[in-house]
Amino acid sequence: MLALVALLAAPLPAAALWEDRVEIFAAENITWDSNLFRLSSASGNVQSDRYATTSLGITGDIPWSLQRFQFAYTWFTTRYRENSALDFDGHTARVAWIWAVTPRLTGDVGAGESQSLASFAQFVGDRSKDVLKTRQAYANAVWTPTPTWRVHGAAGASDQKHDDPTRKIFDIQTVTGETGLTYVTTQDNRIGVALRFERGKTLDPVVSVQGTVDNSYRQRGIGLVGHYTLTGHSMVDGRVDYTKRDYDVDPRRDFSGPTLRLTHTWTPTAKIEVLTTLRREISPIDEVQSSNFVLVKGISVKPKWLITDKITLTGAAEYATWEYRSDPLVAADYTHKVRSLGMGIAYRPTRRFTLQAGYLHEKRTSTLSLADYLVDLYTVEGRISF
């Protein structure tokens with residue numbers, strides 16, 4: 001579902017109030033899902049459903065001198081045609097202060113919260129309704145003492161909690177920190193060194209006769225970060241690290257090795273953009289929706305074509321392997337291989353109204369029993385803003 005949402009999220013101009021600083025909007029989304037619970041066909045329980053999501057929200061982006069204040073809040077309600085037990089009201093919220101002392105000393109501070117249903121793809125064979133609540137706070141700063149050198153620092157904290165009592169073991173809090181030094185050329189090409197630290201704490205360790213299940217860990221990394229313009233229509237951004245993660249309780253899940261995320265942006269014309277991303281990284285907590293260790297390796301290609309001022313076409317193709325190192329007291333290690341292909345189209349007949357439609361095909365094969373699935377998603381949405 002996240003991939004389909006990304007397809008429908010192509011940047012479009014927005015109508016807004018108060019000199020384009022505040023926007024109020026409403027949207028209606030209808031989705032048909034061929035495999036709602038992401039079950040294997042071998043289970044004999046594959047079920048399709050259609051559901052509707054109504055959203056109301058407000059966003060703001062208010063400049064003041066060198067500062068900028070941003071906020072966003074969306075309330076949504078989802079209703080299922082066949083599985084009404086999954087009906088749910090959720091929200092997302094975000095505030096940020098983009099600050100500047102001088103043009104050479106800048107940064108931002110922010111916080112966010114979301115409440116939504118957990119993904120059925122992450123918990124194999126489990127059709128339980130599970131409300132996932134995530135809260136985040138962050139701060140970062142960039143200091144440019146000279147035109148060729150830049151120092152940056154960042155800190156963040158987050159927690160993720162499941163409503164389902166059987167998944168409390170996956171609740172986790174994280175604290176992160178990073179600092180680095182970057183060299184900048186007159187062409188704005190950049191190369192630098194960054195140090196990163198992360199501490200994850202399981203909120204509810206489980207103690208049994210087999211031992212303690214605790215996913216708390218410490219993670220450290222050092223690597224190179226950079227940006228390089230290959231041509232006037234092509235650039236590369238990314239980072240390559242040596243990352244080490246050590247678990248408090250079970251060292252058999254410890255990891256050390258190279259991680260990377262590289263993105264190539266190609267803009268052959270003013271109306272066409274193609275993003276290609278290569279990654280080998282420990283999956284972020286919000287992506288895997290648990291405190292398990294998952295190493296994700298894959299490639300994605302996402303083209304976007306502004307056909308006219310009113311019509312935007314997007315696409316996405318991705319292949320990835322998800323290597324799970326589970327706690328031996330819960331399950332053995334296993335690997336998912338996921339292939340997806342999708343497209344979306346957005347039509348904006350007026351400044352205040354947008355129509356969107358999307359399709360996503362996804363196939364997963366797995367070494368875990370009954371974890372294979374095949375799914376097709378069709379989505380249409382209308383959005384009006386004021």
Side-chain angles (χ1 to χ4, degrees), residues 94-96 107-115 118 122 132-142 151-163 167-182 192-208 211-225 238-261 279-297 322-331 333:
R94 181 181 67 87
V95 294
D108 60 288
V109 178
E113 178 182 279
S114 66
Q115 185 168 295
Q122 295 297 335
L132 186 69
K133 187 171 184 178
T134 303
R135 296 182 298 178
Q136 302 164 332
Y138 66 90
N140 62 67
V142 176
V151 181
H152 77 271
S158 69
D159 66 70
Q160 180 177 265
K161 296 180 180 179
H162 292 264
D163 181 66
R167 297 181 185 172
K168 286 297 183 180
I169 187 176
F170 299 118
D171 291 354
I172 193 167
Q173 290 180 335
T174 61
V175 176
T176 60
E178 180 174 321
T179 186
L181 177 66
T182 301
V193 177
L195 301 173
R196 177 183 288 180
F197 171 81
E198 182 174 321
R199 173 60 168 160
K201 288 284 292 182
T202 295
L203 298 180
D204 294 288
V206 173
V207 180
S208 67
T212 300
V213 181
D214 187 342
N215 292 317
S216 300
Y217 64 87
R218 287 178 171 83
Q219 182 174 309
R220 298 166 295 280
I222 181 171
L224 299 176
V225 295
R239 66 183 299 152
V240 178
D241 292 274
Y242 182 84
T243 302
K244 182 175 176 57
R245 176 181 283 197
D246 297 315
Y247 282 86
D248 291 5
V249 173
D250 186 2
R252 288 173 291 180
R253 292 184 295 154
D254 292 353
F255 168 84
S256 60
T259 57
L260 63 87
R261 177 183 281 263
R279 66 171 178 158
R280 183 186 193 269
E281 61 186 0
I282 298 173
S283 176
I285 297 296
D286 57 350
E287 184 177 39
V288 75
Q289 296 191 355
S290 76
S291 54
N292 281 337
F293 174 89
V294 185
L295 184 66
V296 181
K297 297 181 286 187
W322 293 52
E323 298 177 1
Y324 285 73
R325 294 188 183 181
S326 297
D327 191 301
L329 301 178
V330 180
D333 295 353

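In what follows, every heavy atom counts, from backbone to side chain, and hydrogens, waters and symmetry copies are set aside.
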Restricting to side chain to side chain contact (heavy atoms under 4.5 Å, CB included), what partner residues turn up for Thr134, sequence neighbours left out? Ser114, Leu132, Gln136, Gln160
Would you give the length of the straight line joining atom NZ of Lys133 to atom CD of Gln115, rounded to the nearest 0.5 angstrom? 5.5 Å
Inter-residue atom distance Ile169.CD1 - Asp214.CG, 0.5 Å rounding: 8.5 Å
Once rounded to the nearest 0.5 Å, what's the spacing between atom CG of Leu195 and atom CG of Leu181? 10.5 Å
Note: Val109 and Ala139 closest approach over all heavy atoms is CG2-CB, 4.1 Å
Side chain to side chain contact (heavy atoms under 4.5 Å, CB included) between Thr174 and Tyr217, intermediate numbers included: CA-CA 9 Å; Thr174 61; Tyr217 64 87; 3.7 Å; yes
Asp333 and Arg253: CA distance, side-chain angles, deciding distance, salt bridge (Lys or Arg N to Asp or Glu O under 4.0 Å) verdict: CA-CA 10 Å; Asp333 295 353; Arg253 292 184 295 154; over 6 Å; no
salt_bridge(Arg218, Glu198) N-O dist < 4.0 Å: no
Quick one, Val294 and Glu323 - any side-chain contact, counting heavy atoms below 4.5 Å? no
Output, in order, the C-alpha distance, side-chain angles, deciding distance and verdict of side chain to side chain contact (heavy atoms under 4.5 Å, CB included) for Asp159 and Lys161. CA-CA 7 Å; Asp159 66 70; Lys161 296 180 180 179; 4.0 Å; yes
To the nearest 0.5 angstrom, please state how far the NZ atom of Lys244 sits from the CG atom of Asp246. 4.0 Å
Under a 4.0 Å N-O cut-off, is there an ion pair linking Arg279 with Glu287? yes
Ring centre gap for Phe293 and Tyr324 strictly below 6.0 Å: no
Student check: side-chain heavy atoms of Val225 and Thr182 closer than 4.5 Å: yes
Gap between atom CZ of Arg199 and atom CD1 of Ile172 - 0.5 Å precision: 9.5 Å
Validation row: Leu295, Arg280 side chains within 4.5 angstrom (heavy atoms): yes
Could you tell me whether the side chain of Ser256 reaches within less than 4.5 Å of the side chain of Tyr242, counting heavy atoms only? yes
Hits for side chain to side chain donor-acceptor pair (under 3.5 Å) against Gln219, two or more places apart or cross-chain, chain-then-number order -> Arg245
Please report the C-alpha distance between Tyr138 and Asp108 in whole Å, then the side-chain angles of each, then the deciding distance to 0.1 Å, and finally whether the side chain to side chain contact (heavy atoms under 4.5 Å, CB included) criterion is met. CA-CA 8 Å; Tyr138 66 90; Asp108 60 288; 2.7 Å; yes
Walk me through whether Asp241 and Leu260 qualify under side chain to side chain contact (heavy atoms under 4.5 Å, CB included). CA-CA 6 Å; Asp241 292 274; Leu260 63 87; over 6 Å; no
With distance as the sole test, does Ser216 use its side chain to make a donor-acceptor pair with the main-chain N or O of Thr202 at under 3.5 Å? yes
Please list all pairs meeting salt bridge (charged side-chain N to carboxylate O under 4.0 Å, His left out) that have one or both residues in residues 169-181, counting only residues at least two apart or in different chains. Lys168-Asp171, Glu178-Arg196, Glu178-Arg239
Where the side chain of Arg325 meets the backbone of Asp254, is there a donor-acceptor pair that is under 3.5 Å apart? yes
